[in-house]
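This one's a predicted model, so the numbers in the text were calculated from it and none came from an experiment.
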Amino acid sequence: MKQQLQHLCFFSLVGISALTAGCSGSDKPALAPVEGTLTKDGVPFVNATLEFHPQTHGGVSYGQTDETGQFKLHYTTGEPGAAIGKHEVLVFGGHEKGKTSASSSALAGNPDEGDAPTLIGDPDAGKKNRSGRGGAPAGPVKITADVGDSDNQLSLTIPS
C-alpha cells in the first residue's frame, strides 16, 4: 500500500510537471540577450537591482549592477535575456559610484547632510522625514527601454 501511494505521488508530480512545462513553453516570448550600463549624472550607478517589465507579452527580466554600473539580464525562468519589445524598467537600491553605501551613511549620522549616496527605492524612505531635502525617493525609479531582436547593449540613465 505504501509503495502504491509513493508511485501515485511520483506519477502525479511527473504529470503536473509535464503540464506546467507544456503551458509555460507556449507562453514564453522570444528572448534577446541584454547587457548594459546604468548611470546617474554620468557616474556609474552601482549595486542597483533592475526589473524589466515588458509592455506587451512575457515575464519580468532581472539584473544587478556591478561596481562599474554594468548589468546583464536574466528572464524569470533563469535564461539570459529579456522579451523583445518596449519595457518599463524599475530601479531599486544602489548608489552613485564613489559615494558610501546606505548602511555606512546611516551610521555616519543624518543622511540628508553632506555627501550622502543617491539611493533609489530605499525601503525605509517612507519612515524617514525627508522634508523635501536630498535623500532617496520613496519608491523605485521608472525608466523605459527597448529590447531589439538581437544582442542589446543598453545605456540607461537615471533622471536627476
Inset, instruction - Locate the shortest heavy-atom distance separating Gly59 from Thr76; write the atom from each residue and the value. - result: CA-CG2, 4.4 Å
Inset, instruction - Starting at CZ of Phe45, measure out to NZ of Lys97 and round the result to the nearest 0.5 Å. - result: 14.0 Å
Inset, instruction - May I ask you to check whether Gln70 and Thr68 show a side-chain donor-acceptor distance below 3.5 Å? - result: no
Legend entry - Contact summary for Pro159 and Val141, nearest pair of heavy atoms: CD-CG1, 4.0 Å
Legend entry - Val91 reachable from Leu156 in the ILVMFWY side-chain graph, under 4.5 Å edges: yes
Legend entry - Atom pair NZ (Lys86) and OG1 (Thr56), whose distance is rounded to the nearest 0.5 Å: 10.5 Å
Inset, instruction - Hey, could you give me the CG/CD1 distance between Leu154 and Ile143, rounded to the nearest 0.5 Å? - result: 9.5 Å
Legend entry - Which atom of Gly63 lies closest to which atom of Leu73, heavy atoms considered: N-CD2, 3.7 Å
Inset, instruction - Determine whether Gln64 and Phe71 make a side-chain contact, defined as any pair of heavy atoms from C-beta on separated by less than 4.5 Å. - result: no
Inset, instruction - Indicate, with yes or no, if Val89 and Tyr75 share a hydrophobic cluster defined by side-chain heavy-atom contacts under 4.5 Å among Ile, Leu, Val, Met, Phe, Trp and Tyr. - result: no
Legend entry - Exercise: identify the closest heavy-atom pair between Lys72 and Glu35: CE-OE2, 3.1 Å
Legend entry - Separation of Phe52 CZ from Tyr62 OH (nearest 0.5 Å): 12.5 Å
Inset, instruction - Enter the distance from Glu79:CD to Ser61:OG here, rounded to the nearest 0.5 Å. - result: 9.5 Å
Legend entry - Test item: Pro44 and Thr65 side chains (from C-beta on) under 4.5 Å apart, heavy atoms: no
Inset, instruction - List the steps, then state whether side chain to side chain contact (heavy atoms under 4.5 Å, CB included) holds for Val46 with His95. - result: CA-CA 6 Å; Val46 303; His95 57 91; 3.4 Å; yes
Legend entry - Beyond-backbone contact of Asn47 with Glu67, side-chain heavy atoms, under 4.5 angstrom: yes
Inset, instruction - Working to the nearest 0.5 Å, report the span between CG of Asp146 and CD of Gln55. - result: 10.0 Å
Legend entry - Among Asp41, Thr37, Val43, the one residue meeting side-chain contact (heavy atoms from CB on, under 4.5 Å) with Thr39: Thr37
Legend entry - Any donor-acceptor pair under 3.5 Å from His57 side chain to Ala30 backbone: no
Inset, instruction - Please check if Leu50 and Ile158 belong to a single hydrophobic cluster, counting links between Ile, Leu, Val, Met, Phe, Trp and Tyr side chain heavy atoms closer than 4.5 Å. - result: yes
Inset, instruction - Check whether Val147 and Leu31 end up in the same hydrophobic cluster, where Ile, Leu, Val, Met, Phe, Trp and Tyr are linked by side-chain heavy atoms less than 4.5 Å apart. - result: no
